[in-house]
> 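The structure under discussion is supplied below as structure tokens; questions concerning it will follow.
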Amino acid sequence: MPIPLFIYNTLSRSKEEFKPLIDNHVGLYVCGPTVYGDPHLGHSRPAITFDLLTRFLKHQDYKVRYVRNITDVGHLESDGDEGEDKIAKKAQLEQLEPMEVVHYYTERYHDYMQMLNVNSPSIEPRASGHIIEQQEVINSIIEKGYAYESQGSVYFDVEKYNNDHPYGILSGRKLEDLLSNTRDLDGQSEKRCPADFALWKKAAPEHIMRWPSKWSDGFPGWHLECSAMSKKYLGEQFDIHGGGMDLLFPHHECEIAQSTIDNGKAPANYWMHNNMITIDGQKMGKSLGNFITLEELFAGSHPKLEQAYSPMTIRFFILQAHYRSTLDFSNSALQASEKGLKRLMEAIQNMGNIEASETSNVNIDELKQKCFTALADDLNSPIAISYLFDTVKVINNILAGNNTISNDDLSELKLFMNTVCFDILGLENEFGGSENSGDSKIDDVMQLIIKLRADAKSNKDWGTADKIRDELANIGISIKDGKDGAVWENN
RNA sequence: GGUUCCUUGGCCGAGUGGCUUAGGCACUGGUCUGCAAAACCAGUUACGGCGGUUCGAAUCCGCCAGGAACCUCCA
């Protein structure tokens, strides 16, 4: 019983009901990272957003093929002939082979995404592994008359394209506006029109990454890899294309133009764009150098950080905002997320202690419906989470004896919370405790200590009882007294 | 300069015409506790400014102020 899913489509600038091309199947392509630097907080936004999307789709019984590329070639530092490939530049700097740099940062990216509990995509193609496919797309575009060769490079003819197709449908731009506002970067341009973009670029002699072609020894243009690889793995038309808002123009606009000429039809039906993470109100990014890497975040090793933040705190922080809103980094916001997540996880853990009654005076089904409706409404995770907290209140009230729950409702409650929190939102319980310490010996020892303290308490030996509690707190274990004795928790 | 977008209570962050007291964090009072913590109950603070449309606007329109993204690689 899949519920209708609504997705905000950048193409129409409105929410649309999602209808797959093939029943129960979803083809999803997302622009992945350029692997020439450590993954930072900004990278986690699209990764988590589209991880949420695939998890939700799978829960709704869709079969998903999720393709997320690794860009390891082709992006230029600057327009014009003296542009250096980013990968190559870094390689020269560090005296490493370009592929060595790519390999290192790809692994770093994988490691940190795994820590964030981001599932691996179905296919993770690399631009450098699809040079032939990209050249085929160039051939196709030249054959159809929408590209021209110029001094060993090949450019896409935007003006011609714009005569037959609306260039700018995605970003809402008009070609004449673009032309009137183009900066005069290079007077000796090989392009016929400033808005034209490269499909193949002749490599300068010092350029390390290069491949032979009939046009020149060179490398594929900025936007080509996504057109070539989405076609190869998802077909000429697929369902959803995702990526960061900063890629909307020119990257995705050019991708649409290339694919439209190559295949005679637009590539994706739905375009989804996640917004940026900001810091001090500004986009966190490479260019500004104001990014905080995930390594720094998890270790607390950055001047802007008051403490370390766990991977799940970061994940929860991101999920607490809607993916199309900017999200501003701050210590207080992260700390709030950390505490909220802890409260949520504790409630889930405490579900195991609930005893069912004959009757229920709580409505689990309503909370569940509202929560799933929110997720289906353009992945409104903050609203979904608000219902989870309503459910937390329900759980705690049952445990406090203010509410009762029937056996059936209790089963539904557990299934609901576990499904949404762990399967769909992809959270993990990082807080150890007597329920899931994973080490029964430690737990046995703790039970002994708790018993000793209980004995002290029954003897009104408050000094000993408090000493045990305080000393444990010093080593990061907290004792929580309850009606039915104490439980311990690893902080 | 052009295009697009944003401005919600102490902080974060949802909400797009009429009951959302959204939710989280913080704070205040109470319950529980040997004390505390946790938990529970109750409570406080809001819709950038000015006009307009409407029976009614945080939500639609216009103007103003402030901010952001894109126009060059960027998640």
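Throughout, protein chains are lettered first and strands after them, A, B, ... in sequence-line order, and every chain is numbered starting at 1.
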> Which nucleotide in the set B:rG13, B:rG34, B:rC25 lies at the smallest distance from any side-chain heavy atom of A:Trp462?
B:rG34
> Tell me which nucleotide, if any, is Watson-Crick or G-U wobble paired with B:rU4 when both distances must be under 3.5 Å.
B:rA68
> Quick check for you: among B:rA14, B:rA75, B:rA39, whose closest atom lies nearest to any side-chain atom of A:Asn396?
B:rA39
> Tell me whether the side-chain N/O atoms of A:Ser325 come closer than 4.0 Å to OP1 or OP2 in B:rA14.
yes
> Here's one to test your reading of the geometry: is the NZ or CZ of A:Arg173 within 45 degrees of the ring axis of A:Phe249 and under 6.0 Å from its centre?
yes
> If you measure from the P atom in B:rG48 to the same atom in B:rG15, how many Å do you get, rounded?
15 Å
> Between B:rC12 and B:rU7, how far is it from one P atom to the other, in whole Å?
13 Å
> Would A:Asn290 and A:Gln282 count as having a side-chain donor-acceptor pair, cut-off 3.5 Å?
no
> Can you find an N or O donor on one side and an acceptor on the other, under 3.5 Å apart, linking the side chain of A:Ser287 with the base of B:rC73?
yes
> Paired with B:rC35 by Watson-Crick or G-U wobble geometry, both distances under 3.5 Å: which nucleotide is it?
none
> Choose from B:rA38, B:rC71, B:rA75 the nucleotide whose nearest atom is closest to any side-chain atom of A:Pro250.
B:rC71
> Taking atom P in both B:rC64 and B:rG29, what distance in whole Å separates the two?
48 Å
> Are A:Lys283 and B:rC70 close enough that a side-chain N or O sits under 4.0 Å from OP1 or OP2?
yes
> Please tell me if A:Lys339 has a side-chain N or O lying less than 4.0 Å from either OP1 or OP2 of B:rA26.
yes
> Strictly distance-based, threshold 3.5 Å: is any side-chain N or O of A:Thr326 a donor or acceptor partner for the main-chain N or O of A:Met276?
no
> Whom does B:rC11 pair with, Watson-Crick or G-U wobble, provided both distances fall under 3.5 Å?
B:rG24
> Ignoring hydrogens and geometry beyond distance, is the side chain of A:Asp481 in donor-acceptor contact with the base of B:rA36 at under 3.5 Å?
yes
> Mind checking the C1' distance from B:rC41 to B:rA46? Whole angstroms is fine.
25 Å
> Would you call A:Lys304 and A:Asp280 a salt bridge, using N to O less than 4.0 angstrom?
yes
> Provide the distance between the two C1' atoms, one in B:rC60 and one in B:rC71, to the nearest whole Å.
30 Å
> May I ask you to say what A:Leu344 touches in the nucleic acid, namely base, sugar-phosphate or nothing, with a heavy-atom cut-off under 4.0 Å?
nothing
> Using the C1' atom as the reference point in each nucleotide, state the distance between B:rA22 and B:rG13 in Å, no decimals.
10 Å
> From the options B:rA75, B:rC11, B:rG15, select the nucleotide whose nearest atom is closest to the side chain of A:Ser332.
B:rC11
> Kindly indicate whether the side chain of A:Arg324 and the base of B:rC6 share any N or O donor-acceptor pair separated by less than 3.5 Å?
no
> Ignoring hydrogens and angles, are the base of B:rC71 and the side chain of A:Arg173 linked by a donor-acceptor pair under 3.5 Å?
no
> Touch check for A:Gly42, heavy atoms < 4.0 angstrom, all strands: base, sugar-phosphate only, or nothing?
base
> Using a heavy-atom cut-off of 4.0 Å across all strands, would you classify A:Ile383 as base, sugar-phosphate, or nothing?
base
> Which part of the nucleic acid does A:Met276 contact within heavy-atom distance under 4.0 Å: base, sugar-phosphate only, or nothing?
base
> For a quick check of understanding: with a heavy-atom distance under 4.0 Å over all strands, which category does A:Leu327 fall into, base, sugar-phosphate or nothing?
sugar-phosphate
> Between B:rA75, B:rC11, B:rA22, which nucleotide has the shortest distance from any of its atoms to the side chain of A:Ser386?
B:rA22
> Give none if B:rC40 has no partner; otherwise give the nucleotide forming a Watson-Crick or G-U wobble pair with it, both distances under 3.5 Å.
B:rG30
> B:rU45 pairs with which nucleotide, Watson-Crick or G-U wobble, both distances below 3.5 Å?
none
> Any side-chain N or O of A:Ser337 less than 4.0 Å from the OP1 or OP2 oxygen of B:rC12?
no
> Please determine, for the side chain of A:Ala336, which listed nucleotide (B:rC41, B:rA69, B:rC25) has the closest atom?
B:rC25
> Across all strands, who's sitting opposite B:rG51 as a Watson-Crick or G-U wobble pair, both distances under 3.5 Å?
B:rC61
> Looking at A:Asn275, does any N or O in its side chain come under 4.0 Å of the phosphate oxygens OP1/OP2 on B:rC5?
no
> Is B:rG56 paired to anything, Watson-Crick or G-U wobble with both distances less than 3.5 Å, and if yes, which nucleotide?
none
> So A:Arg469, base contact, sugar-phosphate only, or nothing? Heavy-atom distance under 4.0 Å.
base
> Does B:rA75 have OP1 or OP2 sitting under 4.0 Å from an N or O in the side chain of A:Asn274?
no
> If you measure from the Lys or Arg side-chain nitrogens to the Asp or Glu carboxylate oxygens, is any gap between A:Arg469 and A:Asp466 under 4.0 Å?
yes
> Of all the nucleotides listed (B:rC40, B:rG34, B:rC73), which has the minimum atom distance to the side chain of A:Arg453?
B:rG34
> Would you mind telling me which of B:rA14, B:rG34, B:rG23 lies closest to the side-chain atoms of A:Asp466?
B:rG34
> Taking the P atom of each, how far is B:rC47 from B:rU59, in whole Å?
11 Å
> Charged N to carboxylate O below 4.0 Å: is that the case for A:Glu428 and A:Arg315?
no
> For nucleotides B:rA39 and B:rA57, find the distance between their P atoms and express it as a whole number of Å.
41 Å
> Would you call the rings of A:His241 and A:Phe238 parallel, tilted or perpendicular, where under 30° means parallel and over 60° means perpendicular?
tilted
> Go through B:rA75, B:rC35, B:rG15 for me and flag the one nearest to the A:Pro46 side chain.
B:rA75
> Mind checking whether A:Tyr161 and A:Phe156 have ring centres under 6.0 Å apart?
yes
> When we call it a touch if two heavy atoms are under 4.0 Å apart, what does A:Lys457 touch: a base, just sugar-phosphate, or nothing?
base
> The side chain of A:Arg343 is closest to which nucleotide in this list: B:rG13, B:rC12, B:rA39?
B:rA39
> Pairing check on B:rU16: which nucleotide meets the Watson-Crick or G-U wobble criteria with it, both distances under 3.5 Å?
none
